[in-house]
Amino acid sequence: MNIIEIKDFGDNRLDVYARLNENQLLNRDRPKDGIFIAESPKVVERALDAGYEPISMLLEKKHIDGEAKQIIEKAGDIPVFTAEFDILTQITGFKLTRGVLCAMHRKDLPSPESVYENASRIALLEDVMNPANVGAAIRSAAALGFDGVLLTAECSNPLYRRAIRVSMGTVFQIPWTILGRNNWPDEITKLKEHGFAVASMALKENCVDIDDEKLNSEKKIAVILGTEGEGLKDETIEMSDYVIKIPMGHGVDSLNVAAASAVAFWQLGKKL
């Protein structure tokens with residue numbers, strides 16, 4: 001093990017964990033150099049199992065021969081930084097990580113077609129900018145029978161720290177990709193060409209409930225969810241085969257997109 005003890009919070013070897021923001025980690029100008037931070041032993045292990053390449057690790061001393069021992073061995077000969085707890089807790093959110101952070105290289109994004117060519121259930125997030133909602137929706141998709149997730153370019157990145165944390169690492173277990181800025185909403189046409197019935201979640205006069213018999217008899221379904229405030233674009237709705245809603249009571253008209261995705265995916269993830 002390549003264990004390196006950090007004595008000072010100002011040590012520049014901590015920059016990637018303590019001082020670089022998400023846009024700096026993403027490195028939009030040089031995406032091939034982009035990295036992300038995975039948190040907690042379980043999430044780091046899922047990322048390693050998915051083939052993501054580790055750069056370095058930061059953890060509490062007690063985890064070297066404890067919870068992190070297996071992932072340290074699996075990560076190979078990378079620097080494993082450690083420090084006293086009072087130093088580590090100066091890092092925003094460190095108390096939430098179960099004591100382990102790992103910096104990792106991003107992979108090239110797959111093509112949209114590779115995500116849905118052999119799929120029967122696809123989730124599509126349109127301009128969902130809250131990373132917690134993105135992470136929660138991806139976790140629901142992975143858990144409830146969906147085969148992949150597409151995100152428009154304005155969505156929060158699934159490899160932002162908060163999105164990874166909320167997803168509990170399922171961002172490493174289900175195929176997903178981000179559409180190019182010029183690919184939306186034209187991707188709806190391509191989904192239809194691949195045999196998908198496209199269903200937009202929106203409150204419109206012609207909407208049907210998610211348990212609609214015809215909708216649920218479709219062999220291939222792509223479900224589109226948008227932001228809680230703006231909702232889906234009019235063009236997106238117009239291009240869809242169905243406009244769908246979740247039946248509700250007590251005068252409630254909508255759910256947070258994370259909650260709505262779980263309900264919709266549970267109902268529509270049942271494959272024929």
Side-chain angles (χ1 to χ4, degrees), residues 112-113 115-117 119-130 132-156 158 174-249 252-272:
E113 291 82 0
V115 173
Y116 59 70
E117 62 184 353
S120 64
R121 295 292 185 273
I122 288 292
L124 205 152
L125 304 183
E126 181 186 86
D127 301 354
V128 178
M129 292 176 281
N130 184 312
N133 286 339
V134 168
I138 289 177
R139 184 177 182 181
S140 292
L144 298 171
F146 274 61
D147 304 304
V149 181
L150 303 178
L151 303 97
T152 63
E154 296 302 321
C155 283
S156 181
I174 184 172
W176 59 268
T177 196
I178 299 172
L179 303 173
R181 294 187 182 277
N182 297 324
N183 291 76
W184 187 251
D186 294 342
E187 201 67 39
I188 292 176
T189 301
K190 293 183 180 179
L191 284 164
K192 290 183 176 182
E193 290 171 352
H194 279 75
F196 284 90
V198 177
S200 285
M201 295 198 71
L203 295 175
K204 297 292 182 181
E205 289 184 4
N206 63 337
C207 59
V208 300
D209 290 347
I210 58 169
D211 59 355
D212 178 78
E213 185 176 348
K214 183 181 177 183
L215 169 65
N216 283 265
S217 68
E218 298 282 2
K219 291 184 178 180
K220 300 173 76 171
I221 301 175
V223 182
I224 309 176
L225 300 99
T227 60
E228 195 170 352
E230 296 294 326
L232 296 175
K233 294 181 172 66
D234 289 340
E235 187 177 4
T236 298
I237 295 170
E238 290 167 5
M239 293 178 69
S240 299
D241 300 300
Y242 297 89
V243 183
I244 61 175
K245 67 175 182 177
I246 298 169
M248 299 188 199
V252 178
D253 61 359
S254 65
L255 296 174
N256 167 275
V257 65
S261 69
V263 176
F265 297 164
W266 179 84
Q267 173 65 42
L268 300 174
K270 303 168 186 176
K271 298 171 185 177
L272 300 177

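By convention here, the first residue in the shown sequence is residue 1.
When all heavy atoms of L144 and W266 are compared, the pair lying nearest together is CD1-N, 3.9 Å. The minimum heavy-atom distance linking L179 with P112 is given by the pair CD2-CG, 3.5 Å. The heavy-atom pair separating A197 from E218 by the smallest distance is CB-CD, 3.6 Å.
Listed by first and then second residue, the ring pair (Phe, Tyr, Trp, His ring centres under 6.0 Å) pairs involving residues 133-152 are F146-F265 (not counting sequence neighbours). Applying the salt bridge (charged side-chain N to carboxylate O under 4.0 Å, His left out) test to every pair with at least one member in residues 181-191, sequence neighbours left out, gives these pairs: E113-K190, E154-R181. Residues in residues 136-150 take part in these salt bridge (charged side-chain N to carboxylate O under 4.0 Å, His left out) pairs, two or more places apart or across chains: D147-K271.
With sequence neighbours excluded, no residue forms a salt bridge (charged side-chain N to carboxylate O under 4.0 Å, His left out) with E238. In this view, S140 satisfies the side chain to side chain donor-acceptor pair (under 3.5 Å) rule with no residue, not counting sequence neighbours. Qualifying side-chain contact (heavy atoms from CB on, under 4.5 Å) partners for A136, counting only residues two or more places apart in sequence or in other chains: V166, A258. Partners of K233 under the salt bridge (charged side-chain N to carboxylate O under 4.0 Å, His left out) rule, at least two apart in sequence or in another chain, are D127. In this structure, the side-chain contact (heavy atoms from CB on, under 4.5 Å) partners of V257, at least two apart in sequence or on a different chain, are V128, N133, L225. Not counting sequence neighbours, M129 has no partner by the side-chain contact (heavy atoms from CB on, under 4.5 Å) test. Shown here are the side-chain contact (heavy atoms from CB on, under 4.5 Å) partners of P175, two or more places apart in sequence or in another chain: V115. With sequence neighbours left out, the side chain to side chain donor-acceptor pair (under 3.5 Å) criterion links S261 to no other residue.
Going from atom CD1 of I221 over to atom CG of L191 covers 12.5 Å, rounded to the nearest 0.5 Å. Within the model, atoms OG1 of T152 and CG of L125 stand 7.5 Å from one another, a figure rounded to the nearest 0.5 Å. Note: I188 CD1 to S200 OG = 6.0 Å, rounded to the nearest 0.5 Å. Taking CD1 from I244 and CD from Q267, the interatomic distance works out to 9.5 Å, rounded to the nearest 0.5 Å.
With R121 contributing its side chain and L268 its backbone, the two residues share a donor-acceptor pair below 3.5 Å. For K220 (side chain) and H194 (main-chain N/O), a donor-acceptor pair under 3.5 Å exists by modelled atom type. Side chain of D212 to main chain of K214: a donor-acceptor pair is present (N/O by atom type, distance under 3.5 Å, no hydrogens or angles).
Contact annotation: the side chain of M201 never approaches that of I224 to less than 4.5 Å [non-hydrogen atoms, C-beta and beyond]. A heavy-atom distance below 4.5 Å is found between the side chains of I237 and K204. Here the side chains of Y116 and L150 are in contact, with some heavy-atom distance below 4.5 Å. Between V208 and K245, every side-chain heavy-atom pair lies at or beyond the 4.5 Å cut-off. Within the 4.5 Å cutoff, the side chain of T236 has heavy atoms near those of the W184 side chain. The shortest distance between side-chain heavy atoms of I246 and D209 does not fall below 4.5 Å. P158 has its side chain within reach of I178: a pair of non-hydrogen atoms, C-beta onward, lies under 4.5 Å apart. Using a 4.5 Å heavy-atom cutoff, the side chains of L151 and W176 are in contact.
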For this session: Assess whether side chain to side chain contact (heavy atoms under 4.5 Å, CB included) is satisfied between I174 and V149, documenting all intermediate values.
Result: CA-CA 8 Å; I174 184 172; V149 181; 4.2 Å; yes

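Counting heavy atoms of neighbouring residues, nucleotides and ligands inside a 6.0 Å radius, atom CD of E117 exceeds 12 of them.
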